[in-house]
Amino acid sequence: MSEKIKRTQAELLDALTSVINAKRIYRDEAADFVLRNPETFPYLISILFETENPIHIKAAWITELVCLQNPAILMPQLDTFISHLPALKNDSALRPVAKICRIIAGLHFSEKGKAAVLTEVQKAKMVEACFDWLIREEKTATQVYAMSALAMFSIETEWIREDLTGILQKDFNNKSPGYQSHAKMLLPKLSKK
């Protein structure tokens, strides 16, 4: 490993450590560092999935912000990102990762006809992870992002639409107002397909 790579990885760790809490100002500083030094992004992704390392939560927050500003940065790391989704269990890491899945789903469909973002295998793994988050007792935000991604995938896959509709209808009365609000918005759209 070159000295420059070692130095930027150390700087990335410093940037993540300086994220004292979830306040946007701290997260923005670390995200700006990654955006200015895109060669650190693969290292950020590796930290994100070191689930025994408490800093992995901060890596999830920063990955979300980086992907919001430059979603293309994730494309070379897409296989790694998607294959490690089942490893995440911490609520604070799951919410931003579920949001990234929604971003990827949106990209996949916005680029349709040009070049599909996801392979069939990647799409299947992401759909499975989103359904897992929807079925498990995850926080509302994670479930809302998961259902949004699944609703996009349901456009081209009938069984996803049917299963998503069934889950939303079955769980509707037992979930939070935020979940209910989003499900209420999606259910009519799902029935029109």
Side-chain angles (χ1 to χ4, degrees), residues 41 45 48-49 51 57 59-61 63-193:
F41 190 74
I45 292 294
L48 166 59
F49 292 107
T51 57
I57 296 165
W61 298 343
T63 303
E64 172 195 359
L65 292 178
V66 169
C67 289
L68 281 169
Q69 292 184 51
N70 181 10
I73 198 170
L74 182 60
M75 295 309 116
Q77 301 299 315
L78 206 50
D79 270 337
T80 301
F81 178 82
I82 292 171
S83 67
H84 287 86
L85 290 175
L88 292 175
K89 304 294 182 220
N90 183 289
D91 291 330
S92 295
L94 278 173
R95 187 212 49 81
V97 167
K99 187 172 184 179
I100 293 167
C101 288
R102 191 196 70 198
I103 291 167
I104 294 168
L107 275 177
H108 180 74
F109 288 101
S110 70
E111 296 296 315
K112 209 63 170 167
K114 298 174 190 170
V117 171
L118 296 167
T119 66
E120 288 302 314
V121 170
Q122 291 170 333
K123 186 168 62 169
K125 288 179 180 179
M126 187 179 294
V127 164
E128 181 179 353
C130 287
F131 269 121
D132 285 347
W133 298 331
L134 205 52
I135 293 168
R136 290 192 319 231
E137 288 300 314
E138 299 298 347
K139 299 276 185 172
T140 299
T142 300
Q143 291 188 326
V144 165
Y145 291 129
M147 71 174 79
S148 292
L150 289 168
M152 287 184 224
F153 290 123
S154 75
I155 293 168
E156 61 183 21
T157 309
E158 180 69 18
W159 74 263
I160 295 174
R161 183 187 63 77
E162 292 170 358
D163 287 3
L164 178 58
T165 300
I167 290 168
L168 296 181
Q169 289 172 336
K170 178 181 74 65
D171 292 347
F172 187 84
N173 291 325
N174 301 322
K175 296 292 185 170
S176 72
Y179 179 105
Q180 290 176 352
S181 174
H182 203 70
K184 193 182 291 187
M185 180 190 71
L186 287 179
L187 282 167
K189 294 177 184 178
L190 292 168
S191 67
K192 289 180 184 176
K193 294 180 178 149

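Given the structure is predicted, the values throughout are model-derived calculations rather than measurements. In what follows, residues are counted from 1 in the order of the sequence shown.
- Of the inter-residue distances, the one linking L168 atom CG with L150 atom CG reads 8.5 Å to the nearest 0.5 angstrom.
- Looking only at distances, no side-chain donor or acceptor of Q143 sits under 3.5 Å from a matching main-chain atom of Y179.
- Distance check: K125 NZ to C130 SG gives 14.5 Å after rounding to the nearest 0.5 Å.
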Residues 93-100 side chain polar contacts: donor-acceptor under 3.5 Å, at least two apart:
unit_1: R95; atom_1: NH1; unit_2: E64; atom_2: OE1; d: 3.4
unit_1: R95; atom_1: NH1; unit_2: E64; atom_2: OE2; d: 3.4
unit_1: R95; atom_1: NH2; unit_2: E64; atom_2: OE1; d: 2.8
unit_1: K99; atom_1: NZ; unit_2: E64; atom_2: OE2; d: 3.1

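- In this structure, the side chains of T157 and V127 stay at 4.5 Å or more apart for every pair of heavy atoms.
- For T165, the side chain to side chain donor-acceptor pair (under 3.5 Å) criterion is met by no residue, not counting sequence neighbours.
- The aromatic rings of H108 and F153 sit tilted relative to each other, their planes meeting at an angle between 30° and 60°.
- Rounding to the nearest 0.5 Å places OG1 of T142 at 10.5 Å from CG of L134.
- In terms of heavy atoms, C101 sits closest to L85 at SG-CD1, 3.9 Å.
- Residue pairs meeting the side chain to side chain donor-acceptor pair (under 3.5 Å) criterion with at least one member in residues 130-140, sequence neighbours excluded, are R136-E138, T140-S176.
- With hydrogens and angles ignored, the 3.5 Å screen pairs a side-chain donor or acceptor of S154 with a backbone N or O of A151.
- Nearest heavy-atom pair, G178 versus V144, reported as atom, atom and distance to 0.1 Å: O-CG2, 4.1 Å.
- Looking at M152, H182, R102 one by one, the single match for side chain to side chain contact (heavy atoms under 4.5 Å, CB included) with M147 turns out to be H182.
- Between K123 and E156 there is a salt bridge, with a side-chain nitrogen of the basic residue lying less than 4.0 Å from a carboxylate oxygen of the acidic one.
- Screening residues 68-92 for side chain to side chain donor-acceptor pair (under 3.5 Å), with sequence neighbours left out, gives D79-Q122.
- For the ring pair (Phe, Tyr, Trp, His ring centres under 6.0 Å) test, residues two or more places apart in sequence or in another chain that qualify with F131 are W159.
- The nearest pair of heavy atoms linking K170 to N174 is O-ND2, 4.3 Å.
- With sequence neighbours left out, the ring pair (Phe, Tyr, Trp, His ring centres under 6.0 Å) criterion links F41 to no other residue.
- Remark: P71 engages I103, L107 in a side chain to side chain contact (heavy atoms under 4.5 Å, CB included) (not counting sequence neighbours).
- Between the CD1 atom of I104 and the CG atom of L74 there is a distance of 4.5 Å, given to the nearest 0.5 Å.
- Side-chain contact check for I82 versus L118: some heavy-atom pair is nearer than 4.5 Å.
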